[in-house]
Amino acid sequence: MPEIIRIVRKYYAIDENRNIVAEGNTWEEVEEIMKKKGYKRSQYDILTVVEAEKS
């Protein structure tokens, strides 16, 4: 029986001090969280983490 591999992506907002300040399941979700926190787009980067889960 073939193995099923599921790809999981998480998105994190990283501030200028390299701290994770928000996380979400989509890039847009992170953008909305950061907007509500009062951050400007130039104040943070978005890190995408991709993991494979075998079942």
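The same ILVMFWY cluster, assembled from side-chain heavy atoms under 4.5 Å apart, contains both Trp27 and Val21.
In this structure, CD1 on Ile20 lies 4.5 Å from CD1 on Ile14, to the nearest 0.5 angstrom.
Remark: the backbone N or O of Asn17 is paired with a side-chain donor or acceptor of Asp15 at under 3.5 angstrom.
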Under 3.5 Å, side-chain donor or acceptor atoms of residues 39-50 against the rest of the protein: list the pairs with distances, not counting sequence neighbours.
from	atom 1	to	atom 2	distance (Å)
Arg41	NE	Glu31	OE2	3.1
Arg41	NH1	Tyr44	O	2.6
Gln43	OE1	Lys40	N	2.6
Tyr44	OH	Glu31	OE2	3.0
Asp45	OD2	Arg18	NH1	3.3

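Evaluation of the side chain to side chain donor-acceptor pair (under 3.5 Å) rule for Glu51 yields no partner, not counting sequence neighbours. Residues that satisfy the side chain to side chain contact (heavy atoms under 4.5 Å, CB included) test with Ile4, not counting sequence neighbours, are Ser55. The side chain to side chain donor-acceptor pair (under 3.5 Å) check on Asn25 picks up Lys10, with sequence neighbours excluded. Looking at residues two or more places apart in sequence or on another chain, you find a side chain to side chain contact (heavy atoms under 4.5 Å, CB included) between Glu3 and Lys54.
Side-chain atoms of Glu32 and Glu28, non-hydrogen and from C-beta on, never get closer than 4.5 Å to each other.
Taking every heavy atom of both residues into account, Val30 and Gly24 meet most closely at CG2-N, 3.6 Å.
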